[in-house]
Amino acid sequence: MKAQLSMTALAILSVMAPAQGASFALSQANTQSLDTSSWACKRCDAPQASGTIGLSAGAVQSNDDHVANRFGARDGAVAGVNANATLNGDEEGRLDLNADQLGMSSGYGQARYRDNHIDAQFDYAKLRTVDATAQTQYGFDGRNLVALDQPIDVDLEQRRERTGLGLAYQDVMAGLNWRTYARYDHESKTGFKSSSTRFIKSPVNIAAPVDTTTQTFNAGAELGGEQWHTAVSYQGSLFENNYDGLYNGERGAVQALAPNNEAHLVALSGQYRMGKTRLTGRLTQGWLYQNDTDFVDPLGAPNGITNANGEVRTQGANLRLTSALSGVRLAAKYDYSDRDNRTPVFAYDQSLSIDSLSGTARMNTPLDITRHRYGLDANTRLSQRVALEAGYQGERTERSHSVRETTEDNTVWARTRISALDTLDLGLKASYGQRDGSRYQASEATSSEDNTLLRKYYLADRDRTELSIDASYSPFAALSLDATVRYAKDDYSESEIGLLDADDLSYDLSANYRVTEALNLHAFAGQQWIESNQAGSQSFASADWTYRIEDQFDYAGVGASYGGLMDDRLTVGADYQYTESSSDTQVSEGQPYGDYFQWAHSVRAYADYAVSTRTSVRLDYRYERYYDTDYADVASDSIPGLITLGDLGHNYNAHLLMLTLTYSL
């Protein structure tokens, strides 16, 4: 490495070197005759570190494991490692360590080394999601569903564990930058989830087992010059399910589960820049395979067919062009995707299916889809305080064996940003979209049981209007206020049965006020209302009943932090948040649906104390009061002939106390 003169060395030289006049200033030191070839900076060779490493330990108190979704840990003692540190081994390499609650029910950790050529990383993550504790009257003997003498409790929770390893190498050759990389990830998921099936001609809700493994692979190479860049890449995945299906002993299968499958994608991309114009493009080719059958009862398959031999091929292309002309920035884009299902067509005996209606033979239908997306937008600045953007987006979708084989979506939008004052910014965006397409008709392959007047909302004609307004106001440096209002309306004017219209209105407010250098206050609030109207037909003809759904979401919070206590060693803070969501369904013919809502009060308080310049201790306390209810949850024996998983609602208080010791490197 290059030799560097330390302040100490220069001070010594100023005394040892011949005096130049009467000055002893360092700038007057005579170093021209010194031999510095063997000098080395021992301090520079020593590893340097920055960032923090911490250890947290505490306890959670709650009678409901659902709290693990909020606190990252369930009832009992907890401990985890946190890190955000960088270790420099020399002037060219660095090691980054990152961790968040590593060791708890949900946590993450990563180690990454980088220098001028190599980029290597290893990461590990664990995630646990808890639904509820169910009461089931059926257990499992291997893969067989077994009736129990007494109901048992089963935790509906899923645990994911992921490990990843990546390696990249880059260099310069003949004036060109090149890079190659590869990454492998392995994820396992286990647990139980709620499901339903038919057992001896009766509906049954069960706790279905989950035991899957997913492997993903990524590799590629990149090459670039001063004005261009190109890359080729590969992505692949292998999915394995250790449960191919659920069975009922000798009486055959009762439920098929996700089959083993694999996917592969090869992509070629490039970019070219010429002055203020940039062109980028990408081509993809994909293959998806499923050799396992999607039926678990061998009697449901045609004679001689033991494998589904499923195959889907995908193709894609996209193109982007951006350019700046006379103060106007233009952008054009085009995307193409095609999905070609090449799965062999077999005749299945529908009389063996759960939803049998006709008892006639039915063919599996390979569905194909082709989609074109295109758009053009422009933005310019009309003045120093006014900016304007406008654009158009279009989409054409073609589907085989569908009730509507072609749909077209067209949307125009405009947005302006106005700096009305030095302290006030205003934004306004408006858009209008319309969807229509080919003649809507029932397809025997996909909807033989549908009413001919029914229009599926994602295929039906629709007019959509959207409007949003946002404002940011800072009357003085210490205070900032922000507000956003959004409104959207969907009108399905050509639909007689199905979704007729929907309105979506919401607003968000936030404020931050630094009262003093030590005291900071913040608050926020927001609401959203979604209202929709639908129509149905009990007589399988024209509409004879309607229902209206009203969904509402509310949230609000306030918090404060105060520093500078105990000689600037102590910082304290507290936050409170309230959330609520509800859904109300009114039916024109019949009784309204029951309660469906959720609310929670959350409190967080902390105290952070600096023990020394490098060591700090933090105490966190969290409290949550949570409640939800769903009218669809009923006791397992409340309805004759229906076997449920019981009431899956939650109603609990939870506390978390955590002590964290942090060391600054």
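Side chains are part of it too, since the values below use all heavy atoms of this structure and drop only hydrogens, waters and symmetry mates.
In this model, no donor atom of one side chain and acceptor atom of the other lie less than 3.5 Å apart for Tyr555 and Gln577. Counted by atom type alone, Thr52 and Asn84 present zero donor-acceptor pairs between their side chains at under 3.5 Å. Using modelled atom types and a 3.5 Å distance limit, the side chains of Tyr576 and His601 yield a donor-acceptor pair. For the residue pair Asp211 / Thr190, no side-chain donor-acceptor distance below 3.5 Å is found, with atom types taken as modelled. In summary, the side chains of Gln598 and Ser581 do present a donor paired with an acceptor at a separation below 3.5 Å, with no hydrogens or angles considered. Defined by atom type and a distance below 3.5 Å, a donor-acceptor pair is present between the side-chain atoms of Arg625 and Asn651. Under 3.5 Å, the side chains of Glu240 and Asn260 contain no donor-acceptor pair of N or O atoms.
Using a 4.0 Å cut-off between charged nitrogen and carboxylate oxygen, Asp620 and Arg622 do not count as a salt-bridge pair. By the 4.0 Å N-to-carboxylate-O rule, Lys193 lies too far from Asp131 to be salt-bridged with it. Classification of Asp123 and Arg112 as a salt-bridged pair fails, no side-chain N sitting under 4.0 Å from a carboxylate O. By the 4.0 Å N-to-carboxylate-O rule, Lys189 lies too far from Glu187 to be salt-bridged with it.
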In residues 97-109, what donor-acceptor pairs under 3.5 Å come from side-chain atoms, sequence neighbours left out?
residue	atom	partner	partner atom	Å
Ser106	OG	Arg128	N	3.1
Tyr108	OH	Gln110	NE2	3.2

Contacts table for residues 652-663: side-chain donor-acceptor under 3.5 angstrom, sequence neighbours left out:
residue	atom	partner	partner atom	Å
Tyr652	OH	His66	ND1	3.2
Tyr652	OH	Glu624	OE2	3.3
Asn653	OD1	Tyr623	OH	2.6
His655	ND1	Tyr621	OH	2.8
Thr660	OG1	Ser56	OG	2.7
Tyr663	OH	Arg614	NH1	3.3

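A search for ring pair (Phe, Tyr, Trp, His ring centres under 6.0 Å) contacts involving Tyr631 returns Tyr593, not counting sequence neighbours. Residues satisfying the side chain to side chain donor-acceptor pair (under 3.5 Å) criterion with Tyr487, sequence neighbours excluded, are Asp503. Take Thr629 and apply the side chain to side chain donor-acceptor pair (under 3.5 Å) test, not counting sequence neighbours, and it matches no residue.
Among Thr213, Thr216, Thr212, the single residue meeting the side-chain contact (heavy atoms from CB on, under 4.5 Å) criterion with Phe239 is Thr212.
Distance check: Leu148 CG to Gln135 CD gives 12.0 Å after rounding to the nearest 0.5 Å. Rounded to the nearest 0.5 Å, atoms CG (Leu288) and CD (Gln290) are 10.0 Å apart.
The stretch residues 562-571 participates, sequence neighbours left out, in no side chain to side chain donor-acceptor pair (under 3.5 Å) pair at all.
Counting only distance, with no hydrogens or angles, the side chain of Asp185 and the backbone of Arg183 share no donor-acceptor pair below 3.5 Å. In terms of modelled atom types and a separation under 3.5 Å, the side chain of His117 and the main chain of Gln170 share a donor-acceptor contact.
Residues Ser62 and Asp75 come closest through the heavy atom pair N-OD1, 2.9 Å.
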